[in-house]
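See structure below.
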Amino acid sequence: MTTFNSYSELRTALSSGKTTCREVVDFHLEQIEKKNQELNAFLEVYADEARKQAEEIDQKVKDGTAGKLAGLVVGIKDVLAYKDHPSSAGSQILKGYNSPFTATAVQRLIDEDAIIIGRQNCDEFAMGSSNENSSYGPAKNGINPNLVPGGSSGGSAVAVQMDMCRVSLGTDTGGSVRQPASFCGIYGIKPSYSRVSRYGLIAYGSSFDCIGVFSKNVYDMALTLETMAGKDPKDATSSSTEVPSYSNFGSNSEKKVVGVLKETLEMEGVDPEVVESTKSFISLLEKNGYQIKEIHTPYLHKALPVYYILTTAEASTNLSRFDGVRYGYRVEDPENLQDMYERSRTEGFGEEVKRRIMLGTFVLSASYYDAYFTKAQRVRRLIREDIKKKFEEVDFILNPTTPSPAFGIGEKKKNILDLYLTDIFTVQAPIGGFPAISIPYGNNKEGLPLGIHIMADAFKEKELLDFTKNIEDISGRS
Ligand code: GLN
């Protein structure tokens, strides 16, 4: 089978009988067969099911009744519920847990005849920036398996990078779609908070969590996102704001104003090649008629502590449900109820998850609540308002996605703060609930991919995707 640049090409080939869904599924299964053992991107592959579904959908294509995603092969991060399939959140505590229902985002894709090919490796409970916190071993970057793919949705990024599936669903709380997209040289989008239902997503930080998409081209991303997005009665926080057709790209005649967040290019510790590549992207925009505006923020260094205080607080609450009683792992022969709780949680959770539960419990404790939690909430509001104000002057805010390209496996294990710092440019968007995308652009001298991060005002996914499509066209990637 030849590979298709975008789903629209694939769809044309399906309609004209040049290929079949079965062939498409077999192609991806072959890539998985060749690469997954080394890269550990998929924790489980639903090969037989996917083949069977493909054959059923092939019949629908013949009958003219196929949904709009017929033959779109999708991988899902191991934090998304899929009925009668395991979801473990990369954790031992959920080992053996089978989901009794399907996440709305996943269901909406299935309803349009997308094919779910397997569940993907990730950091335990989506906590991490390198996929090294998975209790099923790290996922590895397809460009060089000694490097991390980024995290926490590392497996999902690698799967798309290496053609093991066409698109992946990841989740992004502080950067977990955008950062691995950048490290793997693909596109990754985090929509606005509440744009996509969180029903069936195993919660980490509920006021931050978003389901996002990885793809190799903008069309596939737009099509997938527009299918998942929109109000869901099963998630009261999901937005009823209308979902435009993202994949029906708008005209690019009106050139937008792009604000460059200057501090991100001048900050100590940012790799000079990252700065250089970002500047080259800015020149590309200028050459193509975009107006560039320098913008500043006093809050860059406040965002990370705010993020880690609030998400750990939310995580400590969300993860209290894993108590050995209702789901997953329970120790054998506990002495009493307290012992059962304690040992089930101690043995079931990994080190990083326990660290965050403890930190979160601390910031929520009566004596420290105001000093940390309340204060962080206030600063969250300030950061959001600062960004909101910028959107009165500019359409988009641009910075590098990450301060450096992919780093070595084990390299940042010694100092956990080093790892937290890799999120410095991605946490602003979820703090404010804004949509943001990582666009693959350029490589460093060693050939490692770099990414450009573009953030838009809330619910401006359409504008963000139109812009990205235009970049794809002018940089000749499409
Ligand atoms: N790296 C960040 C964290 O560990 C982001 C994770 C995420 O977006 N799920 O919290």
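Indexing begins at 1, ligand by ligand and atom by atom, following the structure's order.
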So, does [X] sit close enough to ligand 1 that a heavy atom of it is under 4.0 Å from the ligand?
X: Thr311; result: no
X: Tyr308; result: yes
X: Arg356; result: yes

### Protein heavy atom at shortest distance from atom 7 (C) of ligand 1
Ser176 OG, 2.4 Å
### Query
atom 5 (C) of ligand 1: which protein heavy atom is closest, and how many Å away?
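Ranking protein heavy atoms by distance from atom 5 (C) of ligand 1, first comes Tyr307 OH, 3.3 Å.
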### Query
So which heavy atom on Ala157 is nearest to which on Cys184, and how close?
CB-SG, 3.9 Å
Taking only heavy atoms of [X], which atoms of ligand 1 are found under 4.0 Å from at least one of them?
X: Ala126; answer: 6 (C), 7 (C), 9 (N)
X: Gly128; answer: 1 (N), 2 (C), 3 (C), 4 (O), 6 (C)
X: Asp172; answer: 8 (O)
X: Tyr204; answer: 3 (C), 9 (N), 10 (O)

When you look for heavy atoms under 4.0 Å from ligand 1, do you find them on the side chain of [X], its backbone, both, or neither?
X: Ser152; value: side chain
X: Tyr420; value: neither
X: Thr173; value: both
X: Lys77; value: neither

### Query
Between the side chains of Thr374 and Asp370, is a donor N or O closer than 3.5 angstrom to an acceptor N or O?
yes
### Task
Quick one: sort the Phe322 and Phe349 rings into parallel, tilted or perpendicular, breaks at 30° and 60°.
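It falls in the perpendicular class, over 60°.
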### Query
Which of parallel (below 30°), tilted (30 to 60°) and perpendicular (above 60°) describes Tyr368 and Tyr372?
tilted
### Task
Flag the pair Phe407 / Phe183 as yes when their ring centroid distance falls below 6.0 Å, and as no otherwise.
yes
### Task
Applying side-chain contact (heavy atoms from CB on, under 4.5 Å) between Phe425 and each of Val270, Leu261, Thr402, report the one that passes.
Val270
### Message
Between Glu314 and Ser206, is the side-chain hydrogen bond (donor to acceptor under 3.5 Å, both in side chains) condition met? List the steps.
### Response
CA-CA 7 Å; Glu314 292 185 18; Ser206 304; 4.8 Å; no
